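Report on one structure; see the data block that follows.
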Amino acid sequence: MWSKGIYFVAIDVNKPLAEQGPFDIVLHKLLGEEWRDVIEDFRQKHPEVIVLDPPDAIQHLHNRQSMLQDVVDLNLSDCNGKVGIPRQLVITKDKNPSTIPYEVNKAGLKLPLVAKPLVVDGSAKSHELFLAYDEFSLSELEPPLVLQEFVNHGGLLFKIYIVGDSIKVVRRFSLPNISKRELSKVSGVYRFPRVSCAAASADDADLDPSIAEHPPRPLLERLAKELRHRLGLRLFNVDMIREYGTKDVFYVIDINYFPGFGKMPDYEHVFTDFLLNLKQNKCKKKLTA
Ligand SMILES: O=P(O)(O)O[C@@H]1[C@@H](O)[C@H](OP(=O)(O)O)[C@@H](OP(=O)(O)O)[C@@H](O)[C@H]1OP(=O)(O)O
Ligand SMILES: Nc1ncnc2c1ncn2[C@@H]1O[C@H](COP(=O)(O)OP(=O)(O)O)[C@@H](O)[C@H]1O
Ligand SMILES: [Mg+2]
Ligand SMILES: [Mg+2]
């Protein structure tokens with residue numbers, strides 16, 4: 001990066017940000033109110049510095065309900081496919097877990113369900129997910145939760161990495177389909193591991209094309225453009241699944257802020273170009289101002 005004139009300087013969070021630098025860009029992935037105040041105060045005093053990304057926009061992805069809200073309102077029907085989110089129900093912290101079966105029935109959610117912690121804060125706990133085969137055993141879980149209908153997707157997931165205008169798609173192994181027969185024979189809730197982490201790459205696997213074919217490029221372009229705008233973010237990835245048996249019905253199930261881009265193909269060039277473009281666009285704006 002330095003050969004392109006890009007120098008990374010580690011921020012000392014124990015020192016005032018204004019006494020460090022000067023910076024063209026502040027790139028961060030720290031959480032919490034205190035850090036948020038530091039960054040917001042810095043942005044007010046240094047509007048010339050690009051903050052990647054604004055803390056309020058990042059905060060939006062730290063709740064599994066608000067995270068997907070912007071996808072619900074998307075209308076991509078003229079882009080070679082359909083993108084939605086699975087039907088889901090939020091169980092707030094104040095809810096008594098014994099009421100969950102009633103709430104699930106009232107909402108008409110179809111089993112099996114994926115139970116996810118509502119809050120995503122980078123902790124291992126926020127990645128503790130459960131598969132529920134019957135609603136009664138859901139009362140064993142601890143709110144706040146989001147309960148999402150499990151969508152069969154052939155055991156394959158698409159991770160769509162967004163870095164500014166760049167879009168890179170990788171395939172990851174995921175949870176296998178759950179048949180009606182299995183659903184009728186199994187009951188209970190089962191915690192499952194991080195099945196689609198980096199180690200679960202399926203890019204070189206020999207898979208049924210109807211499952212493994214990448215989503216259409218026009219759909220990805222439009223989805224990325226809409227989400228960049230609605231989320232107000234430039235660095236994120238989207239976990240998307242194709243409904244098993246369909247060609248172009250997709251569901252977004254997770255959006256992650258600034259994930260480990262090291263697992264993204266060609267990330268060095270993508271990231272370098274992204275940072276250089278940011279700087280160049282800033283200079284252009286200054287010239288035309
Ligand atoms: O939530 P996922 O889909 O497993 O993606 C993770 C996630 O973004 C994770 O961030 P956090 O939720 O722990 O804050 C990333 O961890 P790092 O930022 O420490 O790398 C993982 O990299 C993401 O996995 P992936 O890059 O495969 O999407
Ligand atoms: N609604 C769903 N239908 C089918 N599989 C799902 C669903 N939600 C999650 N999964 C599976 O669980 C994995 C983790 O869920 P995700 O929402 O991405 O949580 P995390 O933030 O921990 O990655 C997904 O990568 C996918 O394999
Ligand atoms: Mg995920
Ligand atoms: Mg996630």
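We number each residue from 1, following the sequence as shown. Counting starts at 1 for both ligands and their atoms, following the listed order. Please read these numbers as outputs of a predicted model, since none were measured by experiment.
A side-chain contact (heavy atoms from CB on, under 4.5 Å) with Ile255 holds for exactly one of Asp239, Val71, Asn237; it is Val71. Screening Asp266, Thr272, Asp273 for a side chain to side chain donor-acceptor pair (under 3.5 Å) involving His269 leaves a single residue, Asp266.
Below 4.0 Å from some heavy atom of Asn256 lie the following atoms of ligand 1, by number and element: 1 (O), 2 (P), 3 (O), 5 (O), 7 (C), 8 (O). Contact atoms of ligand 1 toward Gly122: 11 (P), 13 (O), 14 (O) (distance under 4.0 Å to a heavy atom of the residue). Against a heavy-atom cut-off of under 4.0 Å, His127 is close to the following atoms of ligand 1: 1 (O), 11 (P), 12 (O), 13 (O). Every atom of ligand 1 is numbered from 1 in the order shown, and the set under 4.0 Å from a heavy atom of Asp254 is 1 (O), 2 (P), 3 (O).
The shortest contact between atom 27 (O) of ligand 1 and any protein heavy atom is with Arg172 NH1, 2.7 Å. Among protein heavy atoms, the minimum distance from atom 4 (O) of ligand 1 is reached at Arg194 NH2, 3.0 Å. The closest protein non-hydrogen atom to atom 21 (C) of ligand 1 is Lys263 NZ, 3.6 Å. Of the protein's heavy atoms, Lys159 NZ, 2.6 Å lies nearest to atom 3 (O) of ligand 1. Atom 23 (C) of ligand 1 has as its closest protein heavy atom Pro259 CB, 4.0 Å.
Distances under 2.8 Å from the Mg ion (ligand 3) pick out the protein N/O/S atoms Asp239 OD2, Asp254 OD2.
The aromatic rings of Phe258 and Phe271 lie parallel to each other, with less than 30° between the two planes, well short of the 60° mark. Ring-plane geometry between Phe150 and His153 is classed as tilted, the angle between the planes lying from 30 to 60 degrees on a 0 to 90 degree scale.
For the residue pair Glu135 / Tyr102, no side-chain donor-acceptor distance below 3.5 Å is found, with atom types taken as modelled. If you check the side chains of Thr99 and Asn96, you find no donor sitting under 3.5 Å from an acceptor.
At a threshold of 4.5 Å between non-hydrogen side-chain atoms, the residues Asp24 and Leu278 do not count as touching. For the pair Leu147 and Gln88, the minimum side-chain heavy-atom distance is 4.5 Å or more.
Taking a cutoff of 4.0 Å between a charged side-chain nitrogen and a carboxylate oxygen, Asp56 and Arg36 qualify as a salt bridge. Ion pair Arg242/Asp248 not flagged as a salt bridge, since none of the NZ, NE, NH1 or NH2 atoms sits closer than 4.0 Å to an Asp/Glu carboxylate oxygen. Between Lys225 and Glu221, none of the side-chain N atoms (NZ, or NE/NH1/NH2) sits under 4.0 Å from a carboxylate O, so this pair counts as no salt bridge. For Glu226 and Arg230, the salt-bridge test passes: some basic side-chain N is under 4.0 Å from an acidic carboxylate O. Under 4.0 Å is where a charged nitrogen must lie from a carboxylate oxygen, and between Glu48 and Lys282 no such pair does.
Cluster membership for Leu233 and Val238, using ILVMFWY side-chain heavy atoms within less than 4.5 angstrom, is shared.
Within the structure, the closest approach of Lys29 to ligand 1 falls below 4.0 Å when heavy atoms are considered. At least one heavy atom of Tyr161 sits closer than 4.0 Å to an atom of ligand 1.
Enclosure of atom CZ in Phe261 by more than 12 non-hydrogen atoms of other residues, nucleotides or ligands within 6.0 angstrom is indicated.
Pocket lining of ligand 2, defined as residues with a non-hydrogen atom under 4.0 Å away: Arg64, Pro86, Val114, Lys116, His127, Leu129, Gln148, Glu149, Phe150, Val151, His153, Leu157, Ser174, Leu175, Phe192, Val195, Ser196, Asp239, Ile241, Ile253, Asp254.
If you check each of Ser126, Ala124, Gly260, Cys197 against atom 20 (O) of ligand 1, the one with the closest non-hydrogen atom is Gly260.
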**Request:** Step by step, work out the side chain to side chain contact (heavy atoms under 4.5 Å, CB included) result for Glu128 and Lys116.
**Result:** CA-CA 7 Å; Glu128 278 183 11; Lys116 310 181 186 183; over 6 Å; no
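On a distance-only criterion, Tyr257 and ligand 1 share no N/O pair closer than 3.5 Å.
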